[in-house]
Every structure is written in C-alpha cells, then in structure tokens.
Amino acid sequence: MSVVIRLARAGTKKRPVYHVVVADSRFPRDGRFIERLGHFNPLLPKDNETRLKLDMEKVKAWLAKGAQPSDRVARFLDAAGVKKREARNNPEKAVPRKERKAQAEAAAKG
C-alpha cells in the first residue's frame, strides 16, 4: 500500500480550498483519506500566515512511516525546512517539438 501526502480539494466553484491529507494512493483525490494534516487556501496573499496551516509533528511522523509527498506538498515542506526537494530536470521540455523530431531522426540515421 502506497501512502501519499496530498491535497484534496474543498470549497465551492471558483473558490478552492485544499485539505492536506494522508491517503492511500489508490483512493480518489477528494475521496477517502486516512488523516487530515492541515489546509491550504490559494486565494489568500502569499505573505499571509493563514494561507497554509500544517501540523508539522503529524507530517514528520507520516514521513517517518514512509509516506511520499505530492509535488505541491513537497514544495510546502521544502519551504518549511522539513524535507528537501530535489530540483527537477527535463531538458527535452525546452526544445520545440519539430526540432526534437529532427534530432531523433538524425540520431536514428547516424
């Protein structure tokens, strides 16, 4: 069973609020979860301290048990200094598709 720490959407249409939850990776995004760890309100300004509220003791306990944070939650934990997030590297993303296709054909020929 793979356990993840991720966001579950709540709130109304065009007014999202997210709960930070621990869930089995097979469960739906807004479905069943194991435990709620906090909440995130993206509509508040970034300097507002109530934008993100996490119970760090619970987060650290779940990380120690092997729970994997999602990309967005990993950003939150990196900003809080709990878990370091490694930089992503996708050099193919920067090259336009036509050029990538031409490079692949050239590599296949040579």
Side-chain angles (χ1 to χ4, degrees):
M1 179 172 95
S2 179
V3 178
V4 294
I5 302 173
R6 66 179 176 205
L7 299 176
R9 187 180 164 127
T12 61
K13 184 169 66 171
K14 298 188 181 182
R15 305 285 297 171
V17 175
Y18 296 93
H19 299 291
V20 181
V21 298
V22 177
D24 187 327
S25 64
R26 298 171 290 184
F27 293 161
R29 179 194 72 181
D30 300 336
R32 205 166 93 195
F33 60 89
I34 299 168
E35 186 175 11
R36 184 176 294 153
L37 304 179
H39 65 273
F40 170 61
N41 187 350
L43 299 177
L44 293 176
K46 291 188 179 184
D47 58 348
N48 192 335
E49 63 274 354
T50 59
R51 178 179 165 99
L52 174 68
K53 180 73 175 164
L54 285 175
D55 187 348
M56 287 301 172
E57 289 80 27
K58 289 182 181 180
V59 170
K60 290 177 185 177
W62 278 106
L63 289 173
K65 292 176 188 175
Q68 296 295 316
S70 66
D71 290 340
R72 179 58 58 181
V73 173
R75 285 177 181 236
F76 296 154
L77 298 179
D78 187 29
V82 175
K83 185 176 179 182
K84 186 70 178 156
R85 178 175 66 107
E86 61 268 354
R88 302 180 98 187
N89 184 15
N90 187 2
E92 293 289 318
K93 186 175 181 181
V95 180
R97 183 167 172 81
K98 289 180 183 177
E99 293 179 16
R100 272 188 287 168
K101 199 171 189 180
Q103 288 175 356
E105 290 173 359
K109 289 180 182 177

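As the structure is a computational prediction, the values presented were derived from the model and not from experiment.
Residues Ile34 and Asp24 approach most closely at CD1-N, 4.2 Å, considering heavy atoms. What you find for Pro69 and Ala74 is that their closest heavy atoms are CB-N, 4.0 Å.
A heavy-atom distance below 4.5 Å is not found between the side chains of Leu54 and Val82. In this structure, Arg36 and Val20 have side chains that are not in contact, with every pair of non-hydrogen atoms separated by 4.5 Å or more. Residues Arg75 and Arg72 meet the side-chain proximity criterion, which asks for heavy atoms closer than 4.5 Å.
Hydrophobic clustering of Ile, Leu, Val, Met, Phe, Trp and Tyr side chains at less than 4.5 Å, counting indirect connections, unites Val73 with Leu37. When the side chains of ILVMFWY residues are joined at heavy-atom separations under 4.5 Å, either directly or via intervening members, Met56 and Phe40 end up in a single hydrophobic cluster. If you chain together hydrophobic residues whose side chains sit under 4.5 Å apart, Phe33 and Val22 never meet in one group.
We find the CG-CG distance between Asn48 and Asn41 to be 8.5 Å, quoted to the nearest 0.5 Å.
By the 4.5 Å side-chain criterion applied to Ile, Leu, Val, Met, Phe, Trp and Tyr, Leu43 is assigned to no cluster and stands alone.
Counting heavy atoms of neighbouring residues, nucleotides and ligands inside a 6.0 Å radius, atom CZ of Arg32 does not exceed 12 of them.
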Identify each donor-acceptor pair in which a side-chain atom of residues 3-19 lies under 3.5 Å from a protein atom, sequence neighbours left out, and give them as a table.
from, atom 1, to, atom 2, distance (Å)
Arg6, NH2, Phe27, O, 2.8
Arg6, NH2, Pro28, O, 3.1

